[in-house]
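In the text below, chain A, chain B and the rest are named by the order of the sequence lines, each starting its count at 1.
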2 protein chains.
Amino acid sequence: MSTREKKKAAGIPDGVIGRLPVYYRYLTELTENDIQRISSAQLGEALGITAAQIRSDFSYFGSFGQQGYGYKVDQLLEQIKAILGLNRAYHMVLLGAGNLGRAVASYGNFRNRGFDIRAIFDSNPLLEGNYLAGCIIQPVSRLEHYLSTNKVDIGVLATPREVSQEMCDRLVAQGVKGIWNFSPLRLQAPEDVVIEHMHLTESLLRLSFRLTNPQAAASE
Amino acid sequence: MSTREKKKAAGIPDGVIGRLPVYYRYLTELTENDIQRISSAQLGEALGITAAQIRSDFSYFGSFGQQGYGYKVDQLLEQIKAILGLNRAYHMVLLGAGNLGRAVASYGNFRNRGFDIRAIFDSNPLLEGNYLAGCIIQPVSRLEHYLSTNKVDIGVLATPREVSQEMCDRLVAQGVKGIWNFSPLRLQAPEDVVIEHMHLTESLLRLSFRLTNPQAAASE
DNA sequence: TAGATTGTTAATCGATTAACAATC
DNA sequence: TAGATTGTTAATCGATTAACAATC
């Protein structure tokens with residue numbers, strides 16, 4: 001077993017997973033500015049990460065550079081896109097067309113990267129039939145029918161806290177493996193379901209903590 | 001120097017800061033259900049955290065329990081509220097009244113905890129004068145005047161990426177020490193400014209990674 | 001070739017966990 | 001008092017950093 005296989009077998013650390021999107025965004029910027037070559041030292045300088053950590057992060061997935069040269073930006077970007085799973089499209093459904101749901105549905109930054117919200121459900125009959133981001137808002141009772149006739153990759157939960165767990169269960173029961181959760185609640189789901197939390201309140205409380213305890217800072 | 005002082009002097013680990021809001025929410029739930037007493041073992045069971053870690057986390061800030069008894073829920077909650085800085089009000093301004101800004105302004109979950117958005121700015125003249133969450137939308141040119149006559153604690157950035165750094169600079173120049181950043185950009189600011197990022201795209205990319213690399217899971 | 005920079009190993013650092021004396 | 005559980009110390013684990021042989 002190679003070092004890489006050993007590292008990977010133990011699971012990719014959360015820190016690494018968190019930095020991959022950061023690399024992705026910066027490399028995208030570099031290609032937009034026609035920069036073709038970068039070293040781990042330059043990358044680290046730009047992102048506030050040590051060069052050793054960057055090389056260590058990449059080494060979980062392969063060898064993408066050349067000694068004495070560094071990395072070809074476009075090649076490295078392609079590798080990271082592949083690692084992040086960005087070479088395919090994701091079929092998404094949105095549950096909850098309230099303020100937050102509408103914002104997510106209208107958010108352009110991931111739409112054009114293959115993350116397509118293709119159906120929207122809300123329990124409010126007043127919203128039924130309205131258009132939102134190119135989708136007709138459907139009653140939640142139609143959820144199972146939709147999921148059984150469409151292979152959905154990701155369910156976006158922008159529902160009130162009280163119903164989020166039930167909605168999560170219904171998504172999972174129909175085979176949805178990814179949940180993007182905006183409701184202020186830790187969801188329970190089987191191990192093979194991936195849940196990513198976007199907790200506005202927790203984020204704001206961290207900010208509040210850091211404002212209240214300046215000495216605790218260090219972060220970033 | 002006590003152990004606690006030594007620990008704290010080295011800075012509070014991000015992991016601890018991240019768990020504090022989790023404790024806060026769960027303890028709030030317990031008080032709502034009139035549960036008055038809890039041990040670190042029970043707390044850990046409920047939150048998927050080891051009891052030792054919970055006690056270690058608390059010990060950064062003091063001794064809140066009693067041997068042989070555990071913790072009084074209401075006392076512990078009060079302590080954590082104080083640690084998180086929730087015994088005061090925060091004067092907030094929102095920059096950007098687009099989809100995301102509107103969602104944040106309308107989001108109730110932190111409004112009633114002393115986080116008050118008291119002014120909203122947008123560069124779009126069509127939005128000027130409209131009401132949003134009880135505030136009149138003002139032109140961005142009024143920002144400095146507002147900040148110079150109001151002590152603002154937190155600026156919420158829901159602006160397009162292109163202008164976010166400039167808006168951040170203008171907030172910081174007028175003494176705003178906390179930035180809640182929703183725009184897909186790492187902001188530059190002096191050390192004493194606390195920046196908390198809410199990066200939708202990064203979150204979605206982490207989800208995409210975990211869906212693509214199931215073996216990497218382990219998380220949560 | 002000489003210079004530069006990778007990928008990887010070893011060393012360090014820091015966070016988590018286990019153990020237990022203190023004590024309610 | 002006996003039982004339970006804390007707060008803290010020591011042990012473990014894992015992630016980050018430094019160093020360097022490999023090599024483009």
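B:K72 has its NZ atom 14 Å from the P atom of D:dT6, to the nearest Å. Straight-line distance from the OH atom of B:Y60 to the P atom of D:dG7: 15 Å, rounded to whole Å. Nucleotide C:dA15 holds its P atom 10 Å from the CD1 atom of B:I12, rounded to whole Å. In this structure, A:F58 atom CZ and C:dT8 atom P are separated by 13 Å, rounded to whole Å. In this structure, the CG atom of B:L43 is 13 Å from the C1' atom of D:dT5, given to the nearest Å. With rounding to whole Å, A:D14 atom CG is found 9 Å from D:dA15 atom P. Atom CG of B:D57 and atom P of C:dT17 are 10 Å apart (whole Å). Look at CD on B:Q53: it is 20 Å from P on D:dT5, rounded to the nearest Å.
Considering only side-chain N and O atoms, B:Y69 lies nowhere under 4.0 angstrom from the phosphate OP1 or OP2 of D:dG7. Regarding contacts with the backbone of D:dT16, every side-chain N or O of A:T50 stays at 4.0 angstrom or more from both OP1 and OP2. OP1 or OP2 of D:dT6 lies within a sub-4.0 Å distance of a side-chain N or O belonging to B:S40. One finds a side-chain N or O of A:R19 lying less than 4.0 angstrom from the OP1 or OP2 phosphate oxygen of D:dT16. Residue B:Y71 places none of its side-chain N or O atoms closer than 4.0 Å to OP1 or OP2 of D:dA4. In terms of phosphate contacts, A:R37 brings no side-chain nitrogen or oxygen within less than 4.0 Å of OP1 or OP2 of C:dT6. Put simply, A:R55 has a side-chain N or O that comes within less than 4.0 Å of OP1 or OP2 on C:dT6. Checking the phosphate oxygens (OP1, OP2) of D:dG7, no side-chain nitrogen or oxygen of B:S59 falls inside 4.0 Å.
Between A:Y107 and A:F110, the distance from one ring center to the other falls under 6.0 angstrom. Aromatic rings from A:W180 and A:Y90 are positioned such that their centres are separated by 6.0 Å or more.
Which of C:dG7, D:dT6, D:dA15 sits closest to the side chain of A:S63 comes down to C:dG7. Comparing D:dT5, D:dA18, D:dA22 by their closest approach to the side chain of B:Q67 singles out D:dT5.
In this structure, NE2 on B:H197 lies 11.0 Å from CZ on A:R206, to the nearest 0.5 angstrom.
Each end of the helix from C:dG3-D:dC24 to C:dC24-D:dG3 gets its own axis from five base pairs, and the two axes differ in direction by 10°, given to 10 degrees.
Residue B:Q42 is the one, among B:Q42 and A:V16, whose nearest nucleotide of DNA chain D lies closer to the 5' end (criterion: closest heavy atom). Two residues, B:G68 and A:I49, neighbour DNA chain D, and the one matched to the more 5' nucleotide by heavy-atom proximity is B:G68.
Put simply, the residue from A:L77, A:I49, A:L76 that forms a side chain to side chain contact (heavy atoms under 4.5 Å, CB included) with A:Y23 is A:I49.
Using a 4.5 Å heavy-atom threshold, the side chains of A:L157 and A:L171 count as touching.
A cation-pi arrangement, defined by a distance under 6.0 Å to the six-membered ring centre and an angle within 45 degrees of its axis, is present between A:R37 and A:Y69.
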message = Let's go through A:K177 and A:D192 carefully: what are the C-alpha distance in whole Å and the side-chain angles of both, what is the deciding distance for salt bridge (Lys or Arg N to Asp or Glu O under 4.0 Å) to 0.1 Å, and is it a yes or a no?
response = CA-CA 7 Å; A:K177 293 291 183 226; A:D192 66 330; 3.0 Å; yes

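Nearest heavy-atom pair across A:M92 and B:L204 is CE-CD1, 4.0 Å.
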